[in-house]
*Asks:* 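After the structure tokens below, expect a handful of questions from me.
Chain naming here is simple, since letters A, B, ... match the order of the sequence lines and numbering starts at 1 in each.
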Amino acid sequence: MYPGGEGGGAALAAPMPTELPQYYDSNAAAARYYPEWEASGVFSADPSAPGEAYCIVIPPPNVTGNLHMGHALNNTLQDVLIRYKRMDGYNVLWLPGTDHAGIATQWVVERQLRAQGIERKELGREKFLGCVWEWKESSGGNIVRQLRRLGVSCDWSRERFTMDEGLSRAVRENFVRLYEEGLIYRATRLINWDPVGLTALSDLEVETEEGVNGEIWSFAYPLSDGSGEIVVATTRPETMLGDTAVAVHPDDPRYKHLIGQTVRHPFVDRAIPIVGDSILVDMAFGSGAVKVTPAHDFNDHEVGIRHSLPMISIFTPDGKVNENGGSYAGLDRFEARKRVKADLEALGLFRGRKDHVMTLPKSQRSGAIVEPMISTQWFMKMKPLATPAVGAVEHGFTTFWPDQWKNTYFAWLKDVKDWCISRQLWWGHRIPAWHCGTCQHVTVGRVDPTACEKCGSADLRQDEDVLDTWFSSALWPFSTLGWPEKTPDLAKYYPTAVLLTGFDIIFFWVARMMFMGLHHMGHVPFKDVYIHGLVRDEHGDKMSKTKGNVVDPVEAIDRVGVDAFRMTLTGMAGLGRDILWSEKQVEAWSKFQNKVWNAYRFLHMHVRERPATASPGPYDRWILLCLDRCVGEVRAALDGYRFDLAASAIYQFTWYELCDWYLEFSKPALYGEDGAAKAGAQFTLWTVFHALSRLIHPFMPFFGEELWRNLPGNAEAGSVMVANFPKRAEFDHARAADGVARQGAPDAIAALQEAISAVRRLRADKGLAAKIPLTATNAGALTTLFAGHSAALRDLANVTIAPGARPDQAAVLVIAGEEVYVDLSGVLDSGKERERLTREIEKLDKSIAFLEARLGNEAFVSKAPPQLLAKTRGELAGEVDKRASLTAALAALP
RNA sequence: AGGCACGUAGCUCAGUGGAAGAGCACCGCCUUGACACGGCGGUGGUCGCCGGUUCAAUCCCGGCCGUGCCUACCA
């Protein structure tokens with residue numbers, strides 16, 4: 001356009017066509033549109049606005065982390081749903097935020113400090129926390145900046161952090177309430193201890209490393225009365241320093257007379273009772289006698305409780321033998337193992353060893369071998385919370401997609417042990433409990449107490465521990481909406497619509513949100529839980545630094561463009577399948593993007609302004625009905641979380657129907673002189689892109705926006721984000737028009753496509769250049785049917801259909817049941833044509849044999865549905881006719 | 001050990017109780033006025049194996065084999 005124009009007063013008849021660039025630049029579009037979208041306020045939710053609520057809370061990434069492919073997938077899928085629902089008129093809120101990630105973050109900062117020669121303990125709690133906050137502030141923006149690169153439409157004005165003021169308040173409220181209800185308690189128990197991280201862990205934070213080569217080492221405990229010995233075996237000989245019993249099966253004839261006697265501990269001055277325990281001991285295994293270390297083994301601990309055994313802790317928090325280990329005190333646990341073995345051998349008590357492949361419990365964070373230790377910690381009572389959480393899914397208040405994940409969820413909740421929620425860390429929500437120095441009473445409160453609630457003493461000391469990170473995450477769906485306040489957000493958006501996450505945190509997070517939501521809100525936190533797979537490399541291997549196959553999403557976006565990047569992930573996201581990231585797949589979607597872009601440029605060549613509504617011709621009606629079907633498929637797919645099928649439906653329609661056929665069909669009208677036909681095609685082309693840009697937008701947001709904004713005459717429509725997602729009813733006019741026009745007539749478009757393909761095949765088979773025009777003759781109704789399609793036949797197959805008899809030299813085709821003769825005068829190669837016909841006839845023979853066999857089966861005829869029977873008979877008749885035609889043609893060949 | 005998935009074209013995956021589909025790869029031909037990041041045509045599969053139900057099974061059921069994951073692990 002020429003700003004200001006040329007003067008002269010005459011309005012330009014038509015705007016100068018905006019020259020669309022040859023290629024669409026996804027990242028340039030992103031840079032242009034994203035800031036504008038964010039500034040426009042469309043991302044921001046308004047609970048007082050109309051529309052049914054549709055809310056998703058983001059699975060909060062680690063605040064100091066970086067975006068990885070899992071995040072990219074997770075957030076892309078959320079954005080697809082959010083944009084779809086927003087366009088569909090829902091009152092949408094996508095609430096973003098980050099997690100403080102207790103252990104993980106503390107570790108990173110500790111490591112940084114250690115690199116500078118500073119130890120956390122020397123620094124002290126206050127100063128150390130200062131460093132963590134500093135690190136959070138300096139790196140905390142990364143992840144949200146990277147999320148923005150994905151084009152996600154979250155409500156950034158509502159961004160939350162698990163340790164912000166509001167959420168900290170929710171955490172405290174939750175703790176106090178559960179404490180008052182008796183669901184949080186302090187107890188001394190055997191827990192999982194991380195000797196490197198120096199903190200308690202929950203069961204879930206312990207990972208098992210499989211396939212570790214170890215040994216089973218046997219030794220003898222001499223009976224105290226000197227009458228013999230009992231052989232026991234262990235993978236951890238050093239734990240014998242804490243043995244307080246030997247267990248045998250009460251029915252075991254070898255040992256049952258010994259129950260009640262004692263054995264003598266060779267290193268510590270201790271007589272150890274022999275107890276009978278049918279739960280622990282399997283008579284058939286090993287020697288049938290088991291050493292019992294109640295302070296360092298979960299099974300043994302139970303035995304200790306059952307038999308009131310002493311529980312002797314033998315390790316210090318950092319995994320060294322303590323004063324209970326006699327002369328071994330001060331040795332690291334692995335060093336102690338060697339010494340114990342050597343000393344037992346020296347005493348002649350060694351009774352053999354064998355190799356044993358075992359699994360080792362390791363700390364999820366530090367990797368250290370976890371040590372069961374008796375320790376005083378805070379726990380959450382799980383049974384009363386878990387039961388309703390199981391029921392809610394059983395009764396369908398929350399649905400898992402795919403459904404089978406509910407089994408995983410049930411399996412854990414139905415057998416869940418109390419949750420150890422305290423951590424000996426500094427970074428996290430400090431436990432709101434104060435210990436009285438005078439009477440030892442613990443005061444828990446919403447506000448910091450100044451005096452012991454029991455004795456009034458002012459000698460109070462706050463509990464040193466912080467809460468497990470997942471304690472705050474468990475509240476996320478309602479704490480982020482304002483709980484414990486009764487906010488408009490909470491009223492409008494809770495329960496949320498769907499949670500999208502990976503299967504690895506069903507226990508950690510999904511289950512805990514479920515029971516916390518049910519407990520505090522009385523409703524499930526989300527109606528659906530969509531569990532997506534893992535992003536792997538193209539061979540299906542897990543991405544890992546050691547394999548060197550990690551794809552950095554930001555780098556990938558820079559390289560391939562954000563739209564194709566997203567579509568690649570989305571296109572593979574079905575139900576219960578992992579996503580295999582492949583550059584080939586990226587390329588396919590880049591090509592798709594390019595294909596659409598070129599079709600769009602074609603539109604711009606022929607449509608300069610918004611076309612007036614025009615009555616659609618046969619091709620127009622056809623493509624509009626295809627689009628209508630596609631819209632239905634996309635909606636159904638998205639409603640069932642089949643992102644892959646939605647992507648595929650769009651691809652199929654766009655490439656195979658719109659580009660391969662419709663654009664070609666429309667050319668004669670667009671380039672021609674028939675005003676009505678032209679208007680119909682222009683209007684249809686515009687209508688298709690008007691819908692397609694909206695259909696694509698949730699998946700390829702910037703591409704959709706670019707198509708929408710540059711659609712001729714669409715400037716005032718604003719952003720595609722707030723346009724309506726296509727509905728099937730939009731194309732009712734085409735359906736109605738098509739119904740009137742066809743009135744039961746055969747499907748001319750299908751016949752046309754068949755004819756074009758048949759001629760093309762013939763050409764390819766005969767090696768005939770496309771330039772050579774062909775004539776096809778037909779004496780039947782087909783010529784009438786094709787009467788309106790001569791231009792399409794000419795342009796797409798370079799063939800003319802005329803009424804008439806069979807030429808002397810001709811190839812016979814059967815289209816829609818009628819013989820069509822393609823005049824090959826002068827170019828007919830009898831040999832090749834004979835081959836072709838023979839091949840065709842062979843195929844028909846097989847088909848006829850198959851159909852006849854079926855119809856000859858009495859059981860089929862009597863039991864198959866009548867519709868199928870009729871169809872089969874019709875097919876057979878058609879095949880027989882076709883065969884007759886081709887056989888005659890073969891016979892007639894010179 | 002138990003549980004849950006999965007096994008369809010060379011690769012990655014859709015699919016349905018009524019004669020097997022896509023992308024990529026491969027083989028021909030084609031620069032035609034949206035597009036060579038393209039067009040047209042084509043090759044390619046006893047739908048893991050064995051039984052059962054059914055008129056009809058790749059699809060439903062049972063068993064087996066193989067792969068992956070989860071949970072619990074025996075001192």
Side-chain angles (χ1 to χ4, degrees), chain A residues 20 22-23 208 210 216-218 232-236 239 246-247 280-282 284-293 297-300 356 358-359 361 402 404-408 411-412 415 503-504 506-507 533-534 538-540 542 564 571-572 574 576-580 582-585 587-606 642 644-645 648 651-652 655-656 659-660 663-664 667 671 756-757 760-765 767-771 795-798 846-847 850-851 854 857-865 867-869 871-872 875:
Chain A
L20 289 175
Q22 196 171 358
Y23 294 102
T208 47
E210 294 191 40
I216 293 184
W217 207 86
S218 299
V232 294
T234 178
T235 54
R236 301 191 55 196
T239 59
V246 170
L280 179 75
V281 182
D282 173 3
F285 190 91
S287 68
V290 185
K291 63 188 276 304
V292 179
T293 322
D297 181 280
F298 286 94
N299 286 321
D300 292 3
H356 178 64
M358 53 187 202
T359 53
Q404 73 251 16
W405 286 113
K406 74 181 179 199
N407 298 325
T408 304
W412 186 68
D415 190 32
F503 58 83
D504 50 330
I506 290 178
F507 305 148
L534 224 58
E538 61 182 323
H539 307 295
K542 217 168 170 174
M572 286 200 72
R577 283 266 188 187
D578 287 337
I579 280 73
L580 274 60
S582 122
E583 292 293 331
K584 293 282 184 196
Q585 213 53 42
E587 199 183 328
W589 285 112
S590 299
K591 286 181 176 178
F592 168 79
Q593 179 179 274
N594 190 242
K595 187 77 175 172
V596 176
W597 186 249
N598 281 304
Y600 188 63
R601 291 167 71 211
F602 175 77
L603 165 111
H604 277 260
M605 289 171 58
H606 298 283
R642 289 301 305 267
D644 56 337
L645 296 186
S648 164
Y651 187 97
Q652 305 278 335
W655 205 303
Y656 303 124
C659 292
D660 283 355
L663 294 191
E664 300 304 329
K667 282 177 185 174
Y671 287 109
I756 290 168
S757 292
R760 282 170 172 173
R761 259 196 305 275
L762 192 69
R763 253 183 216 288
D765 188 58
L768 294 177
K771 284 174 190 161
D795 291 351
L796 299 189
N798 199 5
K846 279 187 193 164
S847 172
F850 171 84
L851 293 167
R854 194 170 248 203
N857 181 348
E858 174 51 33
F860 175 76
V861 176
S862 60
K863 294 193 178 175
Q867 241 180 330
L868 178 68
L869 197 57
K871 185 178 154 232
T872 309
E875 274 174 29

*Asks:* Want to settle it: does Ser648(A) or Asn407(A) sit nearer the 5' end of RNA chain B, counting the closest nucleotide to each?
*Replies:* Asn407(A)
*Asks:* Does Arg236(A) place a side-chain N or O at less than 4.0 Å from the phosphate oxygens OP1/OP2 of C74(B)?
*Replies:* no
*Asks:* Does Phe503(A) lie flat on the base of C69(B), that is, centres under 5.5 Å apart and planes under 30° off?
*Replies:* no
*Asks:* Using the P atom as the point on both nucleotides, what is the distance between A5(B) and G42(B), in whole Å?
*Replies:* 40 Å
*Asks:* Do any side-chain nitrogens or oxygens of Trp589(A) fall under 4.0 Å of OP1 or OP2 in A22(B)?
*Replies:* no
*Asks:* At under 4.0 Å between heavy atoms, what does Leu603(A) touch on the DNA or RNA strands: base, sugar-phosphate, or nothing?
*Replies:* nothing
*Asks:* Taking C61(B) as the reference, what is the distance to C6(B) when you measure between their P atoms (whole Å, please)?
*Replies:* 11 Å
*Asks:* Between the base of A56(B) and the ring of Phe860(A) - centre-to-centre under 5.5 Å, planes within under 30° - is that a stack?
*Replies:* no
*Asks:* Counting only side-chain N and O atoms of His356(A), is one of them less than 4.0 Å from OP1 or OP2 of A75(B)?
*Replies:* yes
*Asks:* Under 4.0 Å between a side-chain N/O of Arg763(A) and OP1 or OP2 of G41(B), yes or no?
*Replies:* no
*Asks:* Whole angstrom is fine here: how far is it from NZ in Lys584(A) over to P in C37(B)?
*Replies:* 14 Å
*Asks:* Between G68(B) atom P and Asp578(A) atom CG, what is the distance in whole Å?
*Replies:* 13 Å
*Asks:* Can you identify which nucleotide, out of G15(B), A22(B), C13(B), has its nearest atom closest to the Gln652(A) side chain?
*Replies:* A22(B)
*Asks:* Does a side-chain N or O from Tyr651(A) land closer than 4.0 Å to OP1 or OP2 of C13(B), or not?
*Replies:* no
*Asks:* Between Arg761(A) and C40(B), is there a contact of a side-chain N or O with OP1 or OP2 at under 4.0 Å?
*Replies:* no
*Asks:* So does Lys863(A) get a side-chain nitrogen or oxygen closer than 4.0 Å to the phosphate oxygens (OP1/OP2) of A56(B)?
*Replies:* no
*Asks:* State whether the aromatic ring of Phe285(A) stacks on the base of C74(B), taking stacking to mean ring centres under 5.5 Å apart and ring planes under 30° to each other.
*Replies:* yes
*Asks:* How long is the line joining NZ of Lys591(A) and C1' of C35(B), in whole Å?
*Replies:* 12 Å
*Asks:* How far does the P atom of C26(B) sit from the matching atom of U58(B), given to the nearest Å?
*Replies:* 32 Å
*Asks:* Which value, in whole Å, describes the distance between the C1' atoms of nucleotides G66(B) and C24(B)?
*Replies:* 26 Å
*Asks:* Quantified in whole Å, what is the P atom distance between nucleotide C40(B) and nucleotide A22(B)?
*Replies:* 14 Å
*Asks:* Within this structure, what is the CD1-to-P distance between Ile506(A) and A5(B), rounded to whole angstrom?
*Replies:* 13 Å
*Asks:* Verify the contact: side-chain N or O of Arg760(A) to OP1 or OP2 of G42(B), cut-off strictly under 4.0 Å; return yes or no.
*Replies:* no
*Asks:* Determine the Euclidean distance between corresponding C1' atoms of C70(B) and G21(B); express it in Å to zero decimal places.
*Replies:* 32 Å
*Asks:* Is any side-chain N or O of Asn299(A) closer than 4.0 Å to OP1 or OP2 of C74(B)?
*Replies:* yes
*Asks:* Using the side-chain contact (heavy atoms from CB on, under 4.5 Å) rule, pick out the option among Leu280(A), Thr239(A), Val246(A) that qualifies with Val292(A).
*Replies:* Leu280(A)
*Asks:* From C-beta outward on Ala764(A), which listed nucleotide comes closest to its side chain: C37(B), U12(B), G41(B)?
*Replies:* G41(B)
*Asks:* Would you please say whether a donor-acceptor pair under 3.5 Å links the side chains of Asn598(A) and Arg601(A)?
*Replies:* yes
*Asks:* Any base atoms under 4.0 Å from Asp415(A), or only sugar-phosphate, or nothing? Heavy atoms, all strands.
*Replies:* nothing
*Asks:* For Leu534(A) and C6(B), what is the distance between atoms CG and P respectively, to the nearest whole Å?
*Replies:* 17 Å
*Asks:* What contact category does Phe298(A) fall into here, base, sugar-phosphate, or nothing, at under 4.0 angstrom with non-hydrogen atoms?
*Replies:* nothing
*Asks:* With heavy atoms under 4.0 Å as the rule, sort Thr235(A) into base, sugar-phosphate or nothing.
*Replies:* sugar-phosphate
*Asks:* With a cut-off of less than 4.0 Å, is there a side-chain N or O of Lys595(A) near OP1 or OP2 of G39(B)?
*Replies:* yes
*Asks:* Thr208(A) side chain N/O closer than 4.0 Å to the phosphate oxygens (OP1, OP2) of A72(B)?
*Replies:* no
*Asks:* For Gln404(A) and Gly574(A), take the nucleotide of RNA chain B holding the closest heavy atom to each; which residue's nucleotide lies nearer the 5' end?
*Replies:* Gln404(A)
*Asks:* When the C1' atoms of G2(B) and C73(B) are considered, how many whole Å apart are they?
*Replies:* 10 Å
*Asks:* Met605(A) has an atom CE; how far is it from atom P of C35(B), in whole Å?
*Replies:* 7 Å
*Asks:* What class does the angle between the rings of Trp405(A) and Phe503(A) fall in, given that below 30° is parallel, 30 to 60° is tilted and above 60° is perpendicular?
*Replies:* parallel
*Asks:* Taking the P atom in each of G68(B) and G28(B), what is the distance between them to the nearest angstrom?
*Replies:* 38 Å
*Asks:* Of the nucleotides G39(B), A19(B), G41(B), which has the atom closest to the Ser757(A) side chain?
*Replies:* G41(B)
*Asks:* Has the side chain of Thr408(A) got a donor or acceptor that lies under 3.5 Å from a partner of the other kind on the base of C4(B)?
*Replies:* no
